[in-house]
Structure formats: structure tokens, C-alpha cells
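Residue numbers start from 1 in every chain, and the chains themselves are labelled A, B, ... in the order their sequence lines are given, proteins ahead of strands. No experiment lies behind these values; they were computed from the predicted model shown.
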Amino acid sequence: MEDVVNEPENEPASEQDQASRRKDKLFRLRHSTAHIMAQAVVEMMPEAKLAIGPPIADGFYYDFELPRSLSDADLVEIESRMQKIIKGNHDFVRTSMSRDEAKKFFGEKEQGYKLELIDGIADEEMSIYTQGGFVDLCAGPHVGRSKACKHFKLLSVAGAYWRGDSTRPMLQRIYGTVWPTKEELDTFLEIKEEAKRRDHRRLGKELDLFSFHPYSPGAAFWHPSGLILYEELVRYWRELQKTAGYMEIRNPLIYDSELYAVSGHLDHYAQHMFTLECEGRTMCLKPMNCPDTMLFYKTKKRSYRELPMRVAETQTLHRNELSGALSGLTRCRQFTQDDAHIFATMDQIQDEILALLRMVHDTYALFDLDYRLYLSTRPADFMGELALWDQAEKALEQAIEKAGKPYHVNEGDGAFYGPKIDIYIRDSMGRMWQCATIQLDFQLPERFELEYVGADNAVHRPVVIHRAVFGSIERFIGVLLEHLAGAMPTWLSPQQAIFLPINDDCAAYCEKIAADWRAKGVRAEVDTRPEKMGYKIRLAELAKIPYMLVAGAKEIESGTLSLRTYKDGPRGELSVSEIETELLSRIAQRTLDVNIKKFDLDAFVDVEDLDAEAKEY
RNA sequence: GCCUGCAUAGCUCAGUCGGUAGAGCACUUCCUUGGUAAGGAAGAGGUCAUCGGUUCAAAUCCGAUUGCAGGCUCCA
């Protein structure tokens with residue numbers, strides 16, 4: 001096959017080289033397709049002002065200022081114009097202009113955004129790419145000829161601020177995707193479809209787990225089935241805390257704003273806090289647990305013998321997120337963190353971090369969730385002593401090395417109050433979600449003047465570690481639903497077993513076993529509706545119930561049940577005790593008894609391109 | 001918050017040119033007692049998100065509001 005994408009001449013063999021070659025190839029392809037799209041848009045609307053058009057993780061976009069809003073119908077027209085340009089198989093030609101030439105050229109075309117870009121370029125020589133008469137300021141590189149870009153599709157139109165600055169004009173952004181082959185394009189589009197099917201908002205409705213109501217935007221109504229999921233996760237979390245030496249507390253929800261003046265949140269976070277007036281005082285719904293946990297610590301004089309002191313709290317939090325930022329369970333105004341604060345000495349940090357990394361690993365392994373670690377170090381605007389930071393960063397790095405999991409370092413990306421380890425889960429669309437987080441905090445102990453009495457009988461200041469494993473329970477459930485496509489392992493499943501009697505004569509047999517199992521903690525029901533087997537099976541399958549148990553005269557006779565599982569389909573007639581043993585063991589062991597269909601996005605997505613998400617504390 | 005789009009029965013969606021609303025599933029009742037993804041019949045269910053405007057007449061056209069979606073921004 002003719003390869004019109006520029007390829008390096010040599011033939012590197014290593015996997016890493018291959019990966020980087022592919023990355024380079026995709027980069028060129030996407031960047032070039034963005035140019036072709038811009039050409040088509042300018043053809044259609046000569047008044048269009050061009051901003052920027054870079055390649056992104058799974059495609060490209062280009063930002064325009066246009067005389068009118070684009071519709072989906074416009075996308076169709078732009079696509080067909082692009083097809084024409086691509087068929088022309090134009091060369092991408094690199095030339096250059098001096099700063100003045102470029103200013104004159106783009107000035108005459110009234111391309112103000114390009115002029116602004118030129119002003120931002122240090123080099124005196126401007127790199128220019130031309131294809132089929134379309135000229136753009138661009139560092140490149142590009143493909144050789146436009147034909148390489150034929151497997152593309154425009155995806156959506158969206159608003160985007162010029163230079164990402166909300167005080168600057170809102171431009172129109174067109175997103176598209178492009179792949180070297182038709183197969184890859186089709187696969188990508190299929191994955192997008194599948195992701196839509198397993199969107200947690202859709203599954204939440206289908207499985208009757210939760211809902212939202214306009215009267216309380218950004219806050220979930222947990223339905224009975226959803227609440228079971230929620231409570232099972234929290235139950236697991238409690239067990240985990242207990243074995244790891246945590247104590248659990250429960251603090252109030254509403255505090256005098258003075259608390260947040262002390263913690264420093266009022267300066268930075270006031271706009272995100274819900275407040276209410278009460279007898280002349282301003283009260284705040286708490287947006288995080290840290291400040292009030294500090295109050296708990298201070299309720300008595302602490303000794304070094306109590307450290308490390310691990311204090312957990314799951315209390316409802318409220319954050320007044322911008323209405324446009326809300327999204328299902330993954331971005332709520334009301335949510336719950338599986339939060340804990342560890343009060344420790346500097347010497348204890350490394351062991352604590354290591355234990356936390358193991359806790360996160362074990363928890364995510366329960367669901368076969370892929371995750372990545374990012375170590376964020378001292379930022380420019382850090383507070384506290386330099387030596388403290390150095391010591392802490394070293395402790396974090398050593399812990400992370402000991403944990404043996406690869407990680408990336410984000411230099412200077414730490415919070416001003418301390419370095420941190422961010423843990424990102426990848427969801428079904430390849431999006432990264434910050435769920436777990438481990439953050440050191442030198443500032444909070446200062447602000448609250450935390451102390452403990454050391455072995456030397458002198459007063460010392462502890463360090464605080466903030467940490468969450470699930471992150472927010474709401475977000476974690478959202479991610480989990482999409483990851484598992486709604487089919488929960490038996491231990492988590494809202495309904496674990498359903499009995500399907502063939503006819504009324506078999507109902508009593510089923511009821512008896514079901515009652516026995518319920519007494520043993522199994523969530524089991526009997527479907528006594530006068531419906532045919534096929535119908536009952538269908539409903540049980542749609543509800544994704546792990547254990548389906550069919551009983552007729554045959555089974556009653558032999559004291560068995562015909563087992564069908566969501567995971568494996570029909571498994572035939574088995575003794576009641578055999579099934580019970582397996583079921584109880586899977587629940588007790590928290591077995592991951594599901595088929596996980598993973599999208600192979602690794603081949604497509606540049607995982608290094610991580611949009612830094614949420615610093616939740 | 002900003003840009004664009006969407007809002008019709010519990011759910012998924014039709015609804016032509018502006019002429020007072022329709023399907024499937026779910027629900028209720030009845031019939032059917034059956035063997036691994038939909039048995040049959042009947043019934044009930046809607047202030048077409050809300051408010052306002054245009055019009056003889058608005059689900060339909062216009063405006064505002066609310067919510068949702070995709071983005072942007074934000075995310076101690």
C-alpha cells in the first residue's frame with residue numbers, strides 16, 4: 001500500500017521506537033487534517049478568522065471565529081469539501097517568512113489571532129505550511145500529501161475561549177478524528193458508540209440505581225438498588241480501614257465561616273461554598289473534611305505515642321460547582337469522599353504512603369481497574385520550609401519506588417501546601433479520572449497549630465496526609481458502572497440471585513431456599529409472576545442479575561436447581577448446596593466474577609497527554 | 001458562568017405546511033401454568049419543561065427561565 005505519511009527512513013526495531021513512530025505518524029496525520037478542515041471552512045466562509053488547530057489525544061480540532069453559528073448540517077458540508085481537497089492530493093509544503101513578512105501576510109488577510117500568535121513566537125523566522133493554496137502559520141510537521149488524511153470524520157462543534165481564557169472571545173471549535181486506516185477509524189467510532197451505551201447516566205436509569213431532579217441539580221437521588229451498591233462499597237471501605245488501623249469519626253455538616261478563615265479556604269474557595277445566614281453568623285456547608293478533622297485532633301493533647309493517627313470520615317460534602325461543569329455522578333455538587341487524614345511525624349511518612357499505595361492497589365485490583373500514578377513536586381508558589389519539602393518529596397519517591405509501580409513525575413505541579421501523588425483511573429472512553437489521591441500538607445498543621453508531645457517531652461508539629469481511595473463514592477460508582485458496563489460482581493450486585501419457578505407448584509420450593517439464603521445475607525428474590533421462562537430470563541438478564549436459578553418438577557425431585565449465571569450463561573443442574581457454597585464464597589471473597597470487555601484504546605490514545613484533572617482537596 | 005444544541009406518557013422515540021397528540025416497552029385487569037432473552041387481550045396514562053409573545057389557531061414560530069447534553073473555563 002502506498003504510504004503517503006512521512007516516515008522516518010531508518011527501521012527501528014524496539015517496541016518503544018515503534019510506539020514513538022506511531023505517535024509521530026498520528027500527530028502529523030491529525031495536524032494535517034486540521035489544516036484541511038480549516039481550508040474547507042475558509043472556502044465556505046471567507047470571513048472566517050483562524051485561531052489554532054492542534055492534534056489531540058484521539059483526533060484534532062480547529063478554533064474559528066465565524067460570522068454565524070455552525071450546525072451539524074454545516075459539518076456535513078465541511079466534510080464533503082474536505083473530501084474534495086483530500087482527493088486533490090495536495091503536497092504539504094513548508095516555507096518560511098520573516099516576522100515582518102508574516103505580519104504583513106496575515107495582516108492583509110485580517111487574521112488577528114494569527115498576528116497575536118506571531119507576537120508570541122520567539123524565533124524571527126516563521127514556519128509556514130501550504131497545501132492546495134491554503135496557507136497557515138504552523139510549526140509542523142505534516143504528512144507529505146493530503147491523501148493520507150482520507151479516513152477522517154468530523155465529530156462535534158463546541159465553544160472554546162481564545163487561548164483558554166474566559167475573559168477572551170468565545171470561538172467555535174470543530175472536533176474531528178482521523179486514522180491511518182479505515183479499520184482504525186471504524187474501531188474508534190465503534191468504541192465511541194459502546195461508550196455511549198455504557199454511559200453511567202444511561203445505566204443508572206436502566207438499572208434503576210439513581211436519578212437526578214431539577215430541584216437539586218448536581219445531587220443524586222439514590223434508589224434502593226443504587227443505595228445497595230453505595231453501601232456495599234462503604235462496607236468494604238470500613239473493613240479496609242479497620243484492618244489498616246484507622247479510627248472513624250463523624251463531624252458536623254455546617255460550620256461558621258470562621259473555620260474556613262482559619263484553614264485558609266475562604267480566600268481561595270469561597271465562591272464554591274454554599275453558605276447560609278444564621279443569627280447574624282455566616283455558616284458554610286462543608287466542602288471538604290480537612291478543617292473539621294483538625295478540630296477533632298485538637299480536642300485533647302496528643303502524644304507521639306498516638307502517631308501515626310489515622311482518622312477516617314465519610315461525610316457528605318457540598319461544592320457549588322458551576323452549572324455547566326456538572327455531569328452525572330462524576331461531577332456533583334453533593335458527594336461523599338472516603339476520606340481520611342493521617343497525622344504523622346516526618347519519619348513515618350514513607351511507611352504510611354507505601355501502605356496507602358498498597359491499599360489503593362488492592363482496592364482497584366478488586367475491579368481490575370487500570371490506574372496510573374503521578375508524583376507532583378514543589379510548585380513555584382510553595383509555602384513552608386524548603387528542607388521540609390525536600391525531605392517529603394524524597395519520602396514520597398522512595399515509597400512509590402518501593403511500591404514498584406511505574407509513575408510519572410509532574411515537576412512543580414504539587415499543591416502549594418505540599419507534594420502529592422495523584423492516582424488516575426482510565427474509564428471506558430480512555431478518559432482519565434482522578435479518584436484516589438494522596439497529599440501531604442504542611443500548611444494545615446501550621447494554621448491550626450497542631451501539636452504533639454514527643455519522646456523528648458518537647459512540643460512538635462505533625463504532618464498531615466490527606467487521602468482518599470475511591471475518591472468520591474459517587475464518581476467511583478460512575479466510573480465503575482462504565483468500566484463493568486453495569487454488570488457488577490456478585491458481592492456488589494444489588495440483587496444477587498433470582499429464582500425462576502417454572503410454575504406455581506414450584507414457587508414454594510424456591511421461596512424456601514430463597515428465605516434460607518436471605519438469612520445468610522444473600523440478596524435473593526423469587527419471580528412468581530405468571531410469565532413464561534423466556535420472559536423471566538430476559539428480564540433477569542437485562543437486570544444483570546448474577547445468579548438465575550430455574551426450578552421445575554425435575555429440580556424439586558432431585559433437590560437441585562438449574563443454574564444460569566450472567567457471566568457464563570446456562571450451567572445446568574447443580575445441587576442446592578453446591579450453588580450456595582459457590583455463591584457465599586464469591587460474596588465473602590469479593591470475587592470479580594464478571595466478564596470485562598476492555599476497549600483497546602492504548603493503541604490509539606497518547607497516554608502521556610494527561611489533562612490535569614481535579615485537585616479535590 | 002460562557003458557546004452550541006436538546007426538552008412530547010415512567011422509558012425509548014414518532015408527530016408533515018401552525019389546525020387541540022401517537023407507537024413500542026413498562027404499568028393495571030383478565031386469559032394463559034410454562035423449561036433458559038419478549039404468550040394473548042383489554043385498559044389506564046400527556047397543561048407537549050416553565051413563563052410570556054406572535055396568530056382566528058402554537059407541541060410546532062419568537063423571547064426569557066430552568067434542567068440536561070457536548071465542549072470551554074473552573075476544580076484547595
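- Atom CD in A/E65 sits roughly 14 Å away from atom P in B/C3 (whole-Å rounding).
- Taking side-chain N and O atoms only, A/Y535 has no distance below 4.0 Å to OP1 or OP2 of B/C25.
- Remark: the A/Y161 side chain and the B/G1 base include a donor-acceptor N/O pair separated by less than 3.5 Å.
- With salt bridges taken as basic N to acidic carboxylate O contacts below 4.0 Å, one links A/R68 and A/D74.
- Using atom C1' as the reference point in both B/G5 and B/A9, the two lie 24 Å apart (nearest Å).
- For A/D504, counting side-chain heavy atoms from C-beta on, the closest listed nucleotide (B/U36, B/A69, B/U33) is B/U33.
- Set against B/U36, B/A38, B/C74, the side chain of A/E321 has B/C74 as its closest nucleotide.
- Checked for salt-bridge contact, A/R168 and A/E116 meet the test: a charged N lies under 4.0 Å from a carboxylate O.
- With B/G67, B/G70, B/U73 as the candidates, the nucleotide lying closest to the side chain of A/L322 is B/U73.
- Distances were taken from every side-chain heavy atom of A/P217 (C-beta onward) to each of B/A38, B/U36, B/G67; the shortest belongs to B/G67.
- Here A/E557 does not pair with A/K554 in a salt bridge; the nearest charged N to carboxylate O distance is not below 4.0 Å.
- Comparing the same atom, C1', in B/U55 and in B/G18 gives a spacing of 9 Å after rounding to whole Å.
- In terms of polar N and O atoms assigned as donor or acceptor, the side chain of A/S156 never comes within less than 3.5 Å of the base of B/U4 in a complementary pairing.
- In this structure, B/G10 forms a base pair with B/C25, meeting either the Watson-Crick or the G-U wobble geometry with both donor-acceptor distances under 3.5 Å.
- Look at A/R529 and you won't find any side-chain N or O under 4.0 angstrom from OP1 or OP2 of B/U33.
- Each of B/G39, B/U73, B/G35 was ranked by its minimum atom distance to the side chain of A/S166; first place goes to B/U73.
- A/E411 and A/T377 are linked by a side-chain donor-acceptor pair at a separation below 3.5 angstrom, with hydrogens and angles left out of the test.
- Using modelled atom types, one finds no donor on one side chain facing an acceptor on the other under 3.5 Å when comparing A/Y509 with A/E555.
- Look at CG on A/D527: it is 13 Å from C1' on B/U36, rounded to the nearest Å.
- Between B/C17 and B/U50, the distance separating the two C1' atoms is 28 Å to the nearest Å.
- Comparing B/G71, B/U36, B/G39 against the side chain of A/A158 picks out B/G71 as the nearest.
- Nucleotides B/G43 and B/G22, compared at atom P, are 15 Å apart to the nearest Å.
- For the pair A/S69 and B/U4, the criterion of a side-chain N or O lying under 4.0 Å from OP1 or OP2 is met.
- For A/H272, whose side chain is taken as the heavy atoms from C-beta onward, the closest listed nucleotide among B/U36, B/C74, B/C72 is B/C74.
- Listed candidates were B/G70, B/C72, B/C68. Nearest to the side chain of A/Y175 is B/C72.
- For A/R168 and B/C72, a side-chain-to-base donor-acceptor distance below 3.5 Å is absent, hydrogens and geometry of angles not being considered.
- One finds a side-chain N or O of A/R201 lying less than 4.0 angstrom from the OP1 or OP2 phosphate oxygen of B/A69.
- When distances are taken from the side chain of A/R331 to each of B/C75, B/C72, B/G35, the shortest belongs to B/C75.
- Taking atom P in both B/G40 and B/U32, one finds a spacing of 16 Å when rounded to whole Å.
- A donor N or O paired with an acceptor N or O is found under 3.5 Å between the base of B/G35 and the side-chain atoms of A/E555.
- The separation of B/C3 from B/G63, taken at their P atoms, amounts to 14 Å, rounded to a whole angstrom.
- At B/U12, one or more side-chain N or O atoms of A/K205 fall inside 4.0 Å of OP1 or OP2 (strictly under the cut-off).
- Using a cut-off of 4.0 Å between Lys/Arg side-chain N and Asp/Glu carboxylate O, A/R538 and A/E541 are scored as not salt-bridged.
- Under a 4.0 Å N-O distance rule, the pair A/D199/A/R201 qualifies as a salt bridge.
- The same atom, P, is picked in B/G1 and in B/A64; the two are 15 Å apart, to the nearest Å.
- As judged by a 4.0 angstrom heavy-atom cut-off over every strand, A/L500 is placed among residues making no nucleic acid contact.
- Across all strands shown, B/A59 remains unpaired; no Watson-Crick or G-U wobble contact has both distances below 3.5 Å.
- Between B/C56 and B/C61, the distance separating the two C1' atoms is 16 Å to the nearest Å.
- In the set B/G35, B/U32, B/G70, B/G35 carries the atom at the smallest distance from any side-chain atom of A/K554.
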